[in-house]
Amino acid sequence: MRPVNKYILVEPIAEERKGSVYIPISNNLPYKKGSVISVSDIVKQTKAGDIVTYFRRGIACEKIDVGGKFYDLVSEDSLMYIND
């Protein structure tokens with residue numbers, strides 16, 4: 001699946017690893033983290049494989065089902081930052 005317009009397909013990250021400890025990411029936060037799976041031809045700020053943080057509310061982020069697995073379809077404008 002390849003997004004169009006200014007959208008990015010992101011696989012959400014449910015937990016982070018700090019050393020040998022896994023820490024769940026809270027569902028109460030107004031943002032989410034995820035790994036970029038695919039981007040449209042228009043998106044210039046990020047690429048597949050990047051880890052991004054993005055707003056999770058409204059039309060900025062929509063959960064979609066792709067072959068039984070859930071991803072977020074995220075507007076490029078809703079990106080907060082790209083993890084380096």
Side-chain angles (χ1 to χ4, degrees):
M1 179 177 164
R2 187 174 49 128
V4 296
N5 297 321
K6 292 178 76 176
Y7 286 96
I8 302 163
L9 186 65
V10 177
E11 182 175 7
I13 297 173
E15 60 187 17
E16 290 185 296
R17 184 175 178 178
K18 301 285 185 185
S20 62
V21 177
Y22 287 94
I23 303 169
I25 296 174
S26 173
N27 284 333
N28 296 332
L29 298 173
Y31 60 87
K32 293 173 84 172
K33 279 187 171 183
S35 176
V36 175
I37 302 299
S38 179
V39 299
S40 76
D41 295 338
I42 298 172
V43 172
K44 302 295 180 201
Q45 297 183 69
T46 189
K47 63 188 178 313
D50 285 346
I51 303 295
V52 296
T53 299
Y54 53 96
F55 289 109
R56 67 181 292 163
R57 58 185 177 265
I59 60 170
C61 173
E62 186 65 39
K63 182 184 268 191
I64 60 170
D65 181 355
V66 178
K69 192 166 185 181
F70 288 98
Y71 297 94
D72 288 335
L73 193 57
V74 179
S75 167
E76 183 178 27
D77 296 331
S78 71
L79 291 179
M80 295 172 64
Y81 59 88
I82 301 166
N83 297 15
D84 290 328

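No hydrogens, no waters, no symmetry mates; every other heavy atom, side chains included, goes into these values.
We find the CG-OG1 distance between Leu79 and Thr46 to be 6.5 Å, quoted to the nearest 0.5 Å. The CD atom of Glu62 sits 8.5 Å away from the CG atom of Asp72 when rounded to the nearest 0.5 Å. In this structure, the separation between CG on Leu73 and NZ on Lys63 is 13.5 Å, given to the nearest 0.5 Å.
In this structure, Ser78 and Tyr31 have side chains that are not in contact, with every pair of non-hydrogen atoms separated by 4.5 Å or more. Using a 4.5 Å heavy-atom threshold, the side chains of Val36 and Ile82 count as separate. For the pair Ile8/Val52, no side-chain contact is recorded, criterion being any heavy-atom separation below 4.5 Å from C-beta on. Here the side chains of Tyr81 and Lys33 are in contact, with some heavy-atom distance below 4.5 Å.
In terms of heavy-atom proximity, Phe55 sits nearest to Met80 at CE1-CG, 3.7 Å. Scanning all heavy atoms of the two residues, the minimum distance from Leu9 to Met1 falls at CD2-O, 4.2 Å. Nearest heavy atoms, Pro12 versus Phe70: CD-O, 3.9 Å. In terms of heavy-atom proximity, Tyr7 sits nearest to Val43 at O-CG2, 3.7 Å.
Annotation: side-chain hydrogen bond (donor to acceptor under 3.5 Å, both in side chains) contacts of Asn5 (sequence neighbours excluded): none.
Cluster annotation: Val39 and Ile42 are assigned to distinct hydrophobic clusters (Ile/Leu/Val/Met/Phe/Trp/Tyr, side-chain heavy-atom contacts under 4.5 Å, transitive).
Although no hydrogens or angles enter the test, the distance criterion places no donor-acceptor pair under 3.5 Å between the side chain of Lys47 and the main chain of Lys44. Under a 3.5 Å cut-off, the side chain of Glu76 and the backbone N or O of Gln45 do form a donor-acceptor pair.
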